[in-house]
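Below: one structure, written as structure tokens.
Excluded from the calculations below are hydrogen atoms, water molecules and symmetry mates; all remaining heavy atoms, backbone and side chain alike, are included. Sequence lines set the chain letters: A, B, ... in the order given, protein chains first and strands last, and positions in each chain run from 1.
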2 protein chains.
Amino acid sequence: MERKVATERQEAFPITYGVLGLLAFWGPLSGYDLKRLFDHVLAPMWSAAHSQIYNELRRMQTLGWVTMERHEQESRPDRKVYQLTQAGQEALAAWQEQPPGVLQLRDELLLKVLFGSFASPDALVKNLQAGITEHEERLLHYRQQLQHLPVRGMQHQPSGRPNPYATEDTEEDAYFSLIGRFAIEFERMYLKWLRETLEYVEQNARS
Amino acid sequence: MERKVATERQEAFPITYGVLGLLAFWGPLSGYDLKRLFDHVLAPMWSAAHSQIYNELRRMQTLGWVTMERHEQESRPDRKVYQLTQAGQEALAAWQEQPPGVLQLRDELLLKVLFGSFASPDALVKNLQAGITEHEERLLHYRQQLQHLPVRGMQHQPSGRPNPYATEDTEEDAYFSLIGRFAIEFERMYLKWLRETLEYVEQNARS
DNA sequence: TATATCATGTAATCGGTTACATGATTAA
DNA sequence: TTAATCATGTAACCGATTACATGATATA
């Protein structure tokens with residue numbers, strides 16, 4: 001009879017840990033910095049609007065996972081610089097013990113190809129060509145990024161206790177290389193498929 | 001001074017055209033049928049909860065893109081069977097002329113690997129192994145699906161006018177094969193990366 | 001006996017996006 | 001002169017998810 005109600009609100013999501021991880025790795029950062037890092041470093045697996053990042057930072061502050069320090073500036077809004085706390089570091093470590101959520105791919109181009117029988121060959125070809133251009137640019141971007149791996153700034157150590165799992169700086173950066181390789185392999189695979197599909201569609205249009 | 005307001009609400013989204021395409025291809029279907037088709041056919045590029053599909057169907061009805069027919073059943077809720085209209089078919093064709101939205105990948109496992117330096121080797125290894133199992137299953141599923149391509153039911157022809165772009169049945173199914181191949185290539189690439197990454201992490205843990 | 005499936009929906013909420021807002025500096 | 005960038009946020013909305021709800025039949 002009774003209705004279950006008010007399931008406790010979850011306090012953190014992948015995007016939260018994205019911010020947390022960036023703060024742990026690159027030390028104190030502003031929302032603006034984080035947005036740029038998100039676009040560059042997390043691009044292969046998660047995206048976020050800047051408004052969402054500012055939101056998360058506020059939420060994380062109330063959770064006690066970060067602290068904020070206001071840096072005054074002339075002729076520009078103050079920089080609010082956020083810094084990981086001990087509790088934040090612990091949350092990050094605890095998250096790593098949990099099984100990850102399922103992968104999600106959302107791709108309207110694939111949807112259009114799937115229902116390609118309802119498109120004019122012209123439209124399909126145009127969309128496939130645009131896709132090729134876009135993914136070529138992505139591939140280039142990721143290749144350049146792998147060669148110029150972002151150098152680690154001062155790492156924040158809230159308690160003076162070092163990250164217990166990290167042995168060397170080079171080892172930590174290796175995870176970024178692994179992700180970079182994933183992104184490159186993904187784009188290569190996607191491009192190959194796009195080119196084969198385009199060839200098929202063009203052949204089909206000519207007949 | 002004036003504030004722009006009330007930007008006209010968009011009437012359709014990728015998921016809308018997913019439903020539309022399935023209806024165009026497999027003829028009259030219920031929300032339940034559509035959910036199952038979504039999970040099987042659209043799995044590689046879009047996912048949807050059943051509640052969302054029921055919602056879309058209602059919306060599409062008010063747009064005049066589908067019509068609903070109630071099929072009574074004993075001891076079970078009535079089947080509401082939806083059918084594409086002429087306007088719906090036109091909307092599907094018009095959509096194909098528009099450039100697609102950008103691809104989005106959301107993958108918490110990749111995020112955990114990226115910040116692997118804050119994880120115990122044990123946790124990372126466990127998550128990677130679970131990922132391998134999951135993607136192996138997906139690969140198997142897609143491979144089986146490619147061999148048993150879903151047979152097309154009666155196609156709905158609202159105006160008696162056939163799809164102007166379709167030449168043969170086999171040609172239309174070819175697009176499904178193309179998507180199937182994409183899904184397989186994606187899973188193969190992902191698995192290869194997962195195995196290499198696991199090897200690296202294990203090697204790193206032993207030292 | 002208990003769970004899963006068939007089959008359909010509603011209600012509430014939430015994660016994420018878009019639009020609004022400001023204002024200086026720098027590049028085309 | 002126009003647009004882009006730096007830098008920060010708020011407000012509104014919306015697409016999507018989760019939970020609630022029902023009830024028969026089939027399977028373990």
Side-chain angles (χ1 to χ4, degrees), chain A residues 1-19 29-39 42 45-61 68-82 101-102 104-106 108 111, chain B residues 1-19 29-39 42 45-61 68-82 101-102 104-106 108 111:
Chain A
M1 249 349 60
E2 236 142 317
R3 196 182 282 206
K4 213 186 295 177
V5 132
T7 40
E8 232 168 279
R9 202 202 157 156
Q10 254 191 300
E11 59 183 22
F13 316 90
I15 200 192
T16 323
Y17 297 106
V19 173
L29 294 166
S30 72
Y32 193 85
D33 298 333
L34 282 161
K35 165 62 176 164
R36 274 191 317 182
L37 277 174
F38 238 90
D39 290 348
L42 301 200
M45 75 281 264
W46 217 276
S47 66
H50 74 273
S51 64
Q52 204 178 354
I53 290 172
Y54 286 116
N55 243 323
E56 282 305 309
L57 285 169
R58 235 179 292 132
R59 257 174 24 78
M60 289 161 72
Q61 207 178 356
M68 188 265 281
E69 210 175 308
R70 193 180 290 265
H71 291 220
E72 278 174 48
Q73 292 187 132
E74 307 143 22
S75 79
R76 258 184 221 181
D78 295 354
R79 279 175 68 82
K80 290 185 179 174
V81 177
Y82 293 86
V102 290
Q104 275 194 54
L105 185 59
R106 292 188 178 164
E108 203 175 359
L111 198 60
Chain B
M1 252 346 62
E2 235 143 315
R3 196 181 282 205
K4 213 186 293 176
V5 132
T7 40
E8 233 166 276
R9 205 210 153 146
Q10 255 191 298
E11 58 183 20
F13 317 89
I15 199 192
T16 323
Y17 297 107
V19 173
L29 294 165
S30 71
Y32 193 86
D33 298 333
L34 281 162
K35 166 62 175 163
R36 275 192 314 180
L37 277 173
F38 239 88
D39 289 348
L42 301 202
M45 75 282 264
W46 217 275
S47 67
H50 75 274
S51 64
Q52 204 179 355
I53 290 172
Y54 286 116
N55 244 322
E56 283 304 310
L57 286 169
R58 237 179 291 130
R59 256 173 25 78
M60 289 160 71
Q61 209 179 352
M68 188 266 279
E69 211 176 307
R70 192 180 290 267
H71 291 219
E72 279 175 45
Q73 292 187 132
E74 305 144 22
S75 79
R76 256 181 224 185
D78 295 352
R79 279 176 69 82
K80 289 185 179 176
V81 177
Y82 292 87
V102 290
Q104 276 194 53
L105 184 60
R106 290 186 180 166
E108 204 175 358
L111 198 60

Residues in side-chain contact (heavy atoms from CB on, under 4.5 Å) with B/Ser30, at least two apart?
B/Tyr32, B/Asp33, B/Arg79
Is DNA chain C part of any stem, that is, at least 3 consecutive Watson-Crick or G-U pairs with both distances under 3.5 Å, and where?
C:1-28 with D:1-28
Once you round it to whole Å, what is the distance between P of D/dA16 and CD of B/Gln104?
10 Å
Taking the side chain as C-beta and beyond, is there a heavy-atom pair between B/Arg36 and B/Asp39 under 4.5 Å?
no
With nearest nucleotides of DNA chain C determined for B/Tyr54 and A/His50 from heavy-atom distances, which residue corresponds to the more 5′ nucleotide?
B/Tyr54
Looking across every strand, which nucleic acid part, if any, lies under 4.0 Å from A/Arg106 by heavy atom: base, sugar-phosphate, or nothing?
sugar-phosphate
If you pin B/Asp33 and A/Ile15 to their nearest nucleotides in DNA chain C, which one's is more 5'?
B/Asp33
Keeping A/Lys35 on the side-chain end and A/Ala48 on the backbone end, is there a donor-acceptor pair under 3.5 Å?
yes
Nearest whole Å is fine: how far is D/dG15 P from A/Glu108 CD?
13 Å
Could you tell me whether a side-chain N or O of A/Glu108 sits under 3.5 Å from a main-chain N or O of B/Pro14, the two making a donor and an acceptor?
no
Give the rounded distance in Å between these two atoms: CG of B/Leu29 and C1' of C/dA7.
14 Å
Ignoring hydrogens and angles, are the base of C/dT8 and the side chain of B/Ser30 linked by a donor-acceptor pair under 3.5 Å?
no
Answer yes or no: is there a donor N or O on one side and an acceptor on the other, between the side chain of B/Arg59 and the main chain of B/Glu11, under 3.5 Å?
yes
Give the minimum heavy-atom separation between A/Ser47 and B/Gln104, together with the two atoms involved.
OG-OE1, 3.8 Å
D/dT5 OP1/OP2 closer than 4.0 Å to side-chain N/O of A/Arg36
no
Euclidean distance, atom CG of residue B/Leu105 to atom P of C/dG16 [Å, nearest integer]
14 Å
Nearest-Å distance for atom pair CD/P, residues B/Gln52 and C/dT10
15 Å
With heavy atoms under 4.0 Å as the rule, sort A/Phe13 into base, sugar-phosphate or nothing.
sugar-phosphate
B/Ser51 has its side chain closest, among D/dT18, C/dT8, D/dA16, to D/dT18
Quick one: is D/dT8 close enough that its OP1 or OP2 comes under 4.0 Å of any side-chain N or O from A/Tyr32?
no
Compare all side-chain heavy atoms of A/Val19 with those of A/Phe38 and state whether any distance is below 4.5 angstrom.
yes
Close side-chain approach of A/Tyr54 to A/Lys80, heavy-atom, < 4.5 Å:
no
Rounded to whole Å, please give me the gap between CD in B/Glu56 and P in C/dT10.
14 Å
OP1 or OP2 of C/dT10 under 4.0 Å from side-chain N/O of B/Arg58:
yes
Using whole Å, what does the distance between atom P of nucleotide C/dG15 and atom OH of A/Tyr17 come to?
12 Å
Please classify the nucleic acid contact of A/Arg70 as base, sugar-phosphate, or nothing, using heavy-atom distances under 4.0 Å.
nothing
Mind calculating the distance between CZ (B/Arg59) and P (D/dC14) to the nearest angstrom?
10 Å
